[in-house]
Amino acid sequence: MTGPFPATRLRRTRANAWSRALHRETVLTPADLIWPLFVTEGTGVEDPIASLPGVSRWSVDGIAQRAKEAAALGIPCLALFPNTQPNRRSEDGREALNPDNLMCRAIRTIKDACGDSIGVLTDVALDPYTSHGQDGLIDAAGYVLNDATVEVLIGQSLNQAAAGADVIAPSDMMDGRIGAIRDALEGAGHVNVQIMSYAAKYASAFYGPFRDAVGSSGLLKGDKKTYQMDPANAEEALREVELDLAEGADSVMVKPGLPYLDIVRRVKEAFEVPVFAYQVSGEYAMIEAAVAAGAGDRDALVLETLLAFKRAGCSGVLTYHAAHAARLLNG
Ligand code: PBG
């Protein structure tokens, strides 16, 4: 209940910093952040990504350094994405099943360097490994086959779990893959390996710089609209989340982030489960472009957008600004 003015003056509690701190409803800490990192071949390599200013691909040794840095900053989890060498990409993406692929070497190196002081989340989808850049196997017409792809994703998940992944994060949007992967993980004894499902993932225009980063943008013909969701749909997102939870997802993700905070809120209210959001590459690039154009202050934009995710109901956020934000939050 709010009484009439002047008995009620909402500016009263805003008048001083101490009072604003006391009345703050939402907090953001480094523990809310997941840091996505791009892995590349070689040793001692740092390869800047032009469309993501400030973000680089790192060779496995550099990834281990970033992992130590993240743990020291209080970031609880990393998300890994490989830039697979062109000669290891194929029509069927079989490199995803290689126990010595870039992803598996990065996982093992991080676990050797950091143990359980940081979690490793790994993306499950075939786009970094296919010669056509789609997330799954395609037929002669280029249609991404659901059930045949799920069989490969099971193998990819087991491969990542065997290398030491803590969280399997399927980003492919095939139907039925969460249950199939959960069964396989249980069968292989990986009972505590989590699944964070990219449950509501939209066919978005905000993924462009990511596709540059993993090297699939030049390969991809067409789009991903037969499996990723239509940005017009919200009820369908709730159905996607409901199915993935029923199949055994431990947490769910909404992606992209800021343009889809209504989906975050609806999922949180409908299911009361851990919800994460991915502030994707195009969102990062937009902030950096605004800063470069003198249209805003980086630190303030980063902290305000990340706080917005928390306010909308997120347990945490995947963001390329994670290390920078953690440094700001740690003072
Ligand atoms: C691949 C995948 C994508 C992203 C995460 N996993 C791209 C896509 O679906 O084309 C995008 C992340 C970003 O833009 O930062 N399955």
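Numbering of residues begins at 1 and proceeds along the displayed sequence. In listed order, ligands and their atoms are each counted from 1.
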Checklist line | Candidates Asp123, Asp244, Asp172 - the one meeting side chain to side chain donor-acceptor pair (under 3.5 Å) with Tyr198 | finding: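 Among Asp123, Asp244, Asp172, the one that satisfies the side chain to side chain donor-acceptor pair (under 3.5 Å) with Tyr198 is Asp123.
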
Quick one: does [X]'s side chain have a donor or acceptor within less than 3.5 Å of a partner on [Y]'s backbone?
| X | Y | value |
| --- | --- | --- |
| Glu247 | Ile178 | yes |
| Arg177 | Val150 | no |
| Lys255 | Lys201 | no |

Of the backbone atoms (N, CA, C, O) and the side-chain heavy atoms from C-beta on, which set of [X] has a member under 4.0 Å from an atom of ligand 1: side chain, backbone, both, or neither?
| X | answer |
| --- | --- |
| Asp172 | neither |
| Ser281 | both |
| Asp135 | side chain |
| Tyr284 | neither |

Margin query: I want to know if ligand 1 touches Lys224 in the polar sense, i.e. an N/O pair below 3.5 angstrom.
Written below: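 Min N/O separation from ligand 1 is below 3.5 Å for Lys224.
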
Can you tell me which residue and heavy atom of the protein come closest to [atom], and the distance to 0.1 Å?
| atom | result |
| --- | --- |
| atom 6 (N) of ligand 1 | Lys255 NZ, 3.3 Å |
| atom 2 (C) of ligand 1 | Lys201 NZ, 3.3 Å |
| atom 12 (C) of ligand 1 | Phe210 CD1, 3.3 Å |
| atom 1 (C) of ligand 1 | Asp127 OD2, 2.9 Å |

Could you tell me, atom by atom, which parts of ligand 1 come under 4.0 Å of a heavy atom of [X]?
| X | value |
| --- | --- |
| Ala125 | 16 (N) |
| Tyr278 | 12 (C), 15 (O) |
| Arg211 | 8 (C), 10 (O) |

Check: Between Phe210 and Phe81, what is the ring plane arrangement, given parallel below 30°, perpendicular above 60°, and tilted in between?
Finding: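 Rings of Phe210 and Phe81: perpendicular, over 60°.
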
Checklist line | For Ile63, the option from Thr109, Leu80, Thr40, Val120 that meets side-chain contact (heavy atoms from CB on, under 4.5 Å) | finding: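 Only match with Ile63 under side-chain contact (heavy atoms from CB on, under 4.5 Å): Leu80.
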
Note to self: Here's a test for you: under side-chain contact (heavy atoms from CB on, under 4.5 Å), which of Leu52, Asp47, Asn83 qualifies with Phe38?
What the structure shows: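 The option that passes is Leu52.
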
Notebook entry, point to check: At the 4.0 Å heavy-atom cut-off, does Gln279 count as touching ligand 1?
Noted result: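 Contact check Gln279 vs ligand 1: negative.
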
Checklist line | CG/Asn192: more than 12 non-hydrogen atoms of other groups inside 6.0 Å | finding: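 Not buried by this count: 12 neighbours or fewer within 6.0 Å.
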
Check: Using 4.0 Å as the upper bound for N to carboxylate O, is an ion pair formed by Lys225 and Asp230?
Finding: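 Answer for the salt bridge query: no.
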
Next item on the list: Would you tell me which option among Ser171, Pro256, Gly136 has the nearest heavy-atom contact to atom 16 (N) of ligand 1?
Entry: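 Nearest heavy atom to atom 16 (N) of ligand 1 lies in Ser171.
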
